[in-house]
Amino acid sequence: MGNFIRPLSERVSYIASDDTWIESNAIQQLSTTASLPDMVQVVGMPDLHPGRGYPVGAAFFSVNRFYPALVGNDIGCGMGLWQTAIPVKRPNLDKLEKRISQMGDFAHSEWLQQHLSDEMMESPFSDALGSVGGGNHFAELQQIDQIYHSDSLNHLGLNPQHLQLLVHSGSRGLGQAILRRHIEHANHSGLTAGTPEAEEYLSEHQQALNFAELNRRLIAHRLLEQIKTTGECLLDISHNLVEATQINGTDGWLHRKGASPANRGPVIIPGSRGDYSYLVMPTTSDISLHSLAHGAGRKWMRTECKGRLSERFSPVQLSRTELGSRVICQDRQLIYEEAPQAYKSIDTVIDSMVGSGLILILARLKPVLTYKTSGGKNE
DNA sequence: ATGTAC
């Protein structure tokens with residue numbers, strides 16, 4: 001068990017098995033972040049990887065002040081899981097691929113008017129609602145591949161006879177705008193708890209959480225509509241957020257950057273588009289700041305992917321995966337950046353958390369079809 | 001990550 005929890009100092013540790021890819025750059029960023037004023041404790045998850053200044057795949061606990069920059073621009077980014085009504089038996093992949101390829105990346109404004117409140121329509125970012133966005137965001141049809149705890153699946157409302165839909169997206173331009181404004185004012189020194197600036201950020205942060213969750217619902221709604229089926233939301237969990245929390249009797253601020261909460265019930269942890277996803281139940285979470293990995297974590301920098309892969313693989317080849325799934329990504333850059341080779345093995349990430357006693361695996365799911373971008377603005 | 005910068 002101790003093999004999986006790696007202390008770097010009194011206040012800094014990370015969770016990883018011997019087989020887990022951990023970049024020294026990421027470790028460096030973890031330590032640097034731990035030395036920020038008022039930072040108390042920092043834990044890297046097994047999907048830890050370097051980010052822009054601060055690492056991704058980590059939880060940070062501070063007192064007196066909190067750091068919007070640690071949450072990052074995509075406030076509220078997270079995973080939503082839906083149970084669809086599409087039978088696993090007849091996976092008419094050609095039909096699904098065709099239908100989803102015809103879905104525009106953005107919702108029509110008439111569609112949005114029908115599905116949004118008047119208040120939401122007022123948002124300067126409402127155009128983006130129902131759109132996946134770029135980077136590592138996706139909507140993916142999956143099927144249950146292995147069941148570990150049948151009762152828990154039933155309890156959650158999961159049906160192995162039908163496909164699941166996993167949506168990974170965030171607050172789009174809204175979170176970006178909120179962070180930019182606060183960095184302009186407060187720089188990277190954080191916000192002192194209780195000040196008007198802090199209260200204002202937290203209020204906007206809450207709006208971004210709501211916006212991101214609504215976005216995931218609308219993405220699911222639009223995609224399910226496109227393939228003429230229905231779905232039920234089983235869980236929705238954000239992995240970029242900050243919240244007031246008590247840790248070991250100390251009141252403070254828990255930041256999660258690419259780290260899923262381990263104290264809100266079951267969590268879905270996806271691998272790359274060519275790898276499995278795991279539905280897990282958090283068990284003990286006090287060693288990890290009540291957090292878990294949020295995915296596989298990048299292994300390669302975005303800028304190096306195309307160079308490493310384009311001679312060996314064409315975009316068409318990359319639109320099929322080793323697990324037999326299909327990929328809709330009409331972006332020649334993104335299809336390389338998000339290639340399975342660019343990500344850590346999800347099994348090493350999951351093994352690290354099972355080994356350290358953080359989770360129990362409920363089910364393994366495999367990708368059927370991953371939607372990134374159809375290229376069309378509308379259709 | 002992102003209504004993508006000079």
Side-chain angles (χ1 to χ4, degrees), chain A residues 26 29 33 47-58 60 67-80 104-109 112 116 120-139 167-184 188 201 204-205 207-209 211-216 218-219 237-242 255-260 270 272-273 294-306 329-339 342-343 370-373 375-378:
Chain A
Q29 288 184 340
T33 311
D47 59 338
L48 182 77
H49 61 94
R52 297 200 52 151
Y54 309 109
V56 181
F60 313 91
Y67 293 88
L70 276 184
V71 176
N73 59 327
D74 199 359
I75 305 162
C77 184
M79 308 280 177
D105 288 337
F106 289 85
H108 284 112
S109 56
L112 284 175
L116 294 183
M120 265 300 168
M121 283 301 291
E122 299 282 301
S123 164
F125 302 96
S126 65
D127 288 359
L129 282 166
S131 68
V132 170
N136 57 1
H137 292 172
F138 62 81
V167 175
H168 177 199
S169 190
S171 55
R172 313 289 277 105
L174 176 60
Q176 165 97 319
I178 294 170
L179 178 64
R180 186 170 37 77
R181 225 160 52 70
H182 281 276
I183 293 297
E184 277 168 8
H188 285 256
Y201 173 81
E204 293 177 358
H205 170 277
Q207 284 175 36
L209 296 190
F211 188 98
E213 183 175 344
L214 175 62
N215 187 33
R216 288 186 288 273
L218 293 171
I219 291 163
I237 292 176
S238 171
H239 49 237
N240 287 352
L241 72 162
V242 58
H255 310 66
R256 292 192 182 90
K257 174 60 173 176
S260 288
S272 75
R273 70 186 184 214
H294 78 311
R298 292 199 73 83
K299 197 165 69 176
W300 297 349
M301 287 190 303
R302 290 188 177 278
T303 47
E304 64 182 322
C305 296
K306 198 167 180 183
C329 182
Q330 302 299 336
D331 179 326
R332 291 183 71 89
Q333 190 71 25
L334 194 57
I335 201 162
Y336 287 106
E337 289 180 1
E338 290 295 310
Y343 281 86
T370 309
Y371 174 81
K372 298 287 287 180
T373 166
K377 183 160 173 62
N378 257 314

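Since this is a predicted model, take the numbers as computed values, not measurements. We name chains A, B, ... by the order of the sequence lines, and we start the count at 1 in each one.
- Using a 4.0 Å heavy-atom distance criterion, A:G133 is classed as a sugar-phosphate-only contact.
- The line from CZ of A:F211 to CD1 of A:I75 is 11.5 Å long, rounded to the nearest 0.5 Å.
- A:L129 places its CG atom 13 Å from the P atom of B:dT2, with the value rounded to the nearest Å.
- The residue A:R172 sits close only to the backbone: its heavy atoms come under 4.0 Å of sugar-phosphate atoms, none of a base.
- As a whole-Å value, the separation of A:Q333 CD from B:dT4 C1' is 13 Å.
- Across the protein-nucleic acid pair, A:N73 atom CG and B:dT4 atom P stand 13 Å apart, rounded to whole Å.
- B:dT4 atom P lies 18 Å from atom CG of A:L334, rounded to whole Å.
- Straight-line distance from the CG atom of A:D105 to the P atom of B:dT4: 16 Å, rounded to whole Å.
- For the residue pair A:D105 / A:Y371, a side-chain donor-acceptor distance below 3.5 Å is found, with atom types taken as modelled.
- Here B:dT2 presents its C1' atom at 11 Å from CZ of A:R52, a figure rounded to the nearest Å.
- Taking the side chain to side chain contact (heavy atoms under 4.5 Å, CB included) definition, one finds that A:R52 meets it with nothing, sequence neighbours left out.
- No engagement by A:G72 is indicated, since no non-hydrogen atom pair under 4.0 Å with the nucleic acid exists.
- Residues passing the side chain to side chain contact (heavy atoms under 4.5 Å, CB included) test with A:D127: none are found, sequence neighbours excluded.
- If you take CD1 of A:I178 and C1' of B:dT2, they are 13 Å apart, rounded to a whole angstrom.
- Following rounding to the nearest Å, A:Q176 (CD) and B:dT4 (C1') show an atom-to-atom distance of 9 Å.
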